[in-house]
Amino acid sequence: NIAKHASKFEDLDVFFIRCIIEKMKKGAFCMNSKNPIGVFDSGLGGISVLHTMHSLLPNENLIYLGDSKYNPYGTKTKEEITKRCIAICDEFIKQDVKAIVIACNTATSACVKLLRDKYDVDIIGMEPALKVACDRGSNQRIAVWATELTLSEKKFANLMDRFKDEHHIVKVPCPKLVRMVEDDKLDDTNLVESVLKEYLAACDYKKLDSIVLGCTHFPFYTKYLERLCPNIHIIEGSVGTTLHTKDLLEQKGLLNRSDEIGSITWMNTMESKIELSKRLFKMLEVEA
Ligand code: DGL
């Protein structure tokens with residue numbers, strides 16, 4: 001109807017009305033604080049972020065989508081990863097999410113900007129929490145554990161440029177740590193410890209102040225690392241990401257203020273990984 005009467009208005013009014021209709025089509029004005037937040041990762045790693053979100057924002061409804069069928073992202077090209085991220089975000093938009101959290105450093109490095117340009121909802125990305133490690137003091141010795149793609153992308157090079165003159169920073173790609181989570185190997189103590197020792201040796205760990213876990217699959221190894229190297233600070237970014245999400249939702253009046261505990265909806269491009277997803281989530285609850 002508005003469009004039918006548009007001819008009565010000045011050009012500028014018509015333009016604004018068209019914009020409003022476009023936004024209405026995209027559901028922008030139907031957004032409600034009870035709408036879910038979509039959280040995704042290349043697989044099961046983002047469950048470490050999902051767990052922090054559910055602990056700090058317990059009233060939010062969350063949808064977790066793991067892309068295990070296409071895991072790992074860390075050794076794929078930017079183009080391949082971008083294609084997968086668009087497919088996932090399209091699915092979230094269909095489900096009327098009020099925000100999307102990319103619970104994956106690799107996907108963030110590959111295409112966060114493109115996703116922000118493409119979609120109307122807030123998109124929250126992740127990057128290795130290097131600043132947190134550097135803020136601990138002067139002349140810090142830091143290892144950043146992440147995927148090959150995260151460590152070789154421009155986004156990380158820019159981050160490193162801010163700190164590399166004042167601190168000693170080493171980059172360690174750790175693909176096996178992604179694989180072992182996806183393959184349900186976290187209880188295999190011998191295997192896990194031998195792989196962790198390999199990566200610790202690669203960064204001369206005895207001299208380190210901290211290890212930054214720059215991949216969301218890695219917080220599942222925190223307990224192991226605390227045992228293997230108790231003097232090293234283990235830093236990960238899920239709390240920062242959650243608080244940032246909270247701020248953005250608050251600014252838009254979209255924080256869920258209900259008293260009820262929010263729901264978690266589990267999705268995975270490999271149906272058989274849902275049971276393992278729930279187990280990993282429980283494991284973090286027990287450890288917390
Ligand atoms: N969990 C992902 C990250 O935070 C990537 C793992 C992968 O698929 O290689 O970077």
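Counting starts at 1 for both ligands and their atoms, following the listed order. One-based numbering along the sequence shown.
- Under a 4.0 Å criterion applied to the non-hydrogen atoms of T147, ligand 1 contributes the atoms 5 (C), 6 (C), 9 (O), 10 (O).
- Here the side chain of T269 pairs a donor or acceptor atom with the backbone of K69 at under 3.5 angstrom.
- A donor-acceptor pair is defined here as one N or O able to donate and one able to accept, closer than 3.5 Å; no such pair exists between the side chain of Y73 and the backbone of K78.
- Heavy-atom proximity to N105, at under 4.0 Å, picks out these atoms of ligand 1: 3 (C), 4 (O), 10 (O).
- Distances shorter than 4.0 angstrom do not occur between any heavy atom of G45 and any atom of ligand 1.
- Under the 30°/60° scheme for interplanar angles, the aromatic rings of F92 and F40 are found to be tilted.
- Close approach to N71 involves these atoms of ligand 1, each under 4.0 Å from a residue heavy atom: 8 (O).
- Proximity annotation for atom 9 (O) of ligand 1: of G74, G43, S68, G74 comes nearest, heavy atoms only.
- Under the 4.5 Å side-chain heavy-atom criterion for Ile, Leu, Val, Met, Phe, Trp and Tyr, V39 and L254 are members of the same hydrophobic cluster.
- Ligand 1 has no N or O atom lying under 3.5 Å from any N or O atom of T75, backbone or side chain.
- Taking a 6.0 Å sphere around NZ of K113, one finds it holds 12 or fewer heavy atoms contributed by other residues, nucleotides or ligands.
- When the options N105, N71, T106 are evaluated for a side-chain hydrogen bond (donor to acceptor under 3.5 Å, both in side chains) with S42, the one that passes is N71.
- Within the listing of ligand 1, atoms 5 (C), 6 (C), 7 (C), 8 (O) sit less than 4.0 angstrom from a heavy atom of S42.
- Close approach of ligand 1 to Y73 (heavy-atom distance below 4.0 Å) involves ligand atoms 7 (C), 8 (O), 9 (O).
- Using a 4.0 Å cut-off to heavy atoms of D41, the atoms of ligand 1 that qualify are 1 (N), 2 (C).
- Nearest to atom 10 (O) of ligand 1 among the protein's heavy atoms is T106 OG1, 2.5 Å.
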